[in-house]
Amino acid sequence: MTAPEVPEPYVLAVPVADIFADHTYQRPLDPQRVQHMAATFDQRLLGVIEVSDRGDTSSPRYAVVEGQHRWAAVALRDPGAAIAARIHSGLTIAEESQMFLGIDINRRRLTTWNRWKARHAQQDPEVTAIEATVAGVGLRVEEAPKDGNLRCTGMLEKIARSGGGHALLRDSLRLLHQTWGAQHSAYDAPLVGGMAVFLDTFGDAEYFDCEVLVDALIDLTPEQVKFYAKAKKAGGKHGTGALPKFVAITLHERHALHQRAGQRLAMPAGFRGTLRAPVVSTTRASAAAA
């Protein structure tokens, strides 16, 4: 006895109100992700979701198999909207679950670099501004591990969005460049982030001197700085945190070794090793609250 033939799927514009998520196999919905997707909505990136037709006795009728966050974002923006869906008929819940797992496992997830390239192609203003800041120091945002290239796009964006903004990003890259030139090992995320944390904390201090820092580091390789930072992190003396925090502590210690007694930078009590948050103006805060 042969199994019944499963109808070919077809694409249809389905009202979002006729779709639901069966959480017997779906992952939990992330409300913050949905809100972000709704706020930055781009119809061109929506694509086609996958749904299973549960039949006219089910209300809502269509179970979303893949694309529940896109569906939820569209529903949040406009509960009366419709969304393009590939409709699969005649599936059991077990078969829906199997399809869900298959799509999830086989989906080619975009890497951070692929996302950056896509945003670059779209002339994303944030990407364009960061690449201009990097170019101003004589470097490039490129994927290849080659001298003069930076690949830590996530860290570049984190610094640019911090309280120090592009000025902090520029100064951090400039000091790394003055110390180690264009060698690509000087520009991975821990070193770029660590230099930014150090300058964000001590850059305006009375006894901070850029030339002292460069002299203190020039006899070390970037790999040695990261080795010392990893040892500090493992030692636990300075608490917990991400590696850039311990790179910043290493830079602080090297700077102190090359200063005169009584003119050393004071380490803040309970040093957290994080970047300052951006300042939100009173006007913007009031507008957001309204």
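Residue numbers start at 1 and run along the sequence shown. Bear in mind the structure is a predicted one, so any value in this text is a computation, not a measurement. Heavy atoms only: backbone and side chains are in, while hydrogens, waters and symmetry mates are out.
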Q: Applying side-chain contact (heavy atoms from CB on, under 4.5 Å), run through His238 and Phe246 and close with a yes or a no.
A: CA-CA 8 Å; His238 301 281; Phe246 299 93; 3.9 Å; yes
Between [X] and [Y], what is the shortest heavy-atom contact and its length?
X	Y	result
Ile159	Gly193	CD1-CA, 4.4 Å
Lys226	Leu191	CG-CG, 4.0 Å
Val134	Arg140	CG1-N, 3.7 Å

Evaluate whether atom [atom1] of [X] has more than 12 neighbouring non-hydrogen atoms of other residues, nucleotides or ligands under 6.0 angstrom away.
X	atom1	answer
Gln98	CD	no
Arg272	CZ	no
Lys232	NZ	yes

Would you kindly confirm whether [X] and [Y] end up in one hydrophobic cluster when ILVMFWY residues are joined by side chain heavy atoms under 4.5 Å apart?
X	Y	value
Leu175	Val212	no
Met37	Val34	no
Trp116	Tyr187	yes

Q) Do side-chain atoms of Trp113 reach the backbone of Glu142 as a donor and acceptor pair under 3.5 angstrom? A) no
Q: Return yes if some donor-acceptor pair links the side-chain N/O of Glu131 with the main-chain N/O of Thr128 below 3.5 Å, else return no.
A: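 Checked: no pair found.
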Q) In the hydrophobic cluster built from side-chain contacts under 4.5 Å, what are the other members alongside Val51? A) Tyr10, Leu12, Val14, Val16, Ile19, Phe41, Leu46, Ile49, Tyr62, Val64, Trp71, Val74, Ile83, Ile87
Q) Under 30°, 30 to 60°, or over 60°: which ring-plane class applies to His255 and Phe208, parallel, tilted or perpendicular? A)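 Ring orientation, 0 to 90° scale: parallel.
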Q. Side chains of His88 and Ser52: is there a donor and an acceptor less than 3.5 Å apart?
A.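 No donor-acceptor contact under 3.5 Å links the two side chains.
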Hey, is [X] close enough to [Y] for a salt bridge, meaning N to O under 4.0 Å?
X	Y	value
Arg161	Glu157	yes
Arg61	Asp18	no
Arg54	Glu96	yes
Arg86	Glu50	yes
Asp188	Arg151	no

Q | Pro268 vs Phe202 side-chain heavy atoms within contact, under 4.5 Å | A |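 Yes, their side chains come closer than 4.5 Å.
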Q | Straight-line distance of Leu275 CG to Met155 CE, nearest 0.5 Å | A | 7.5 Å
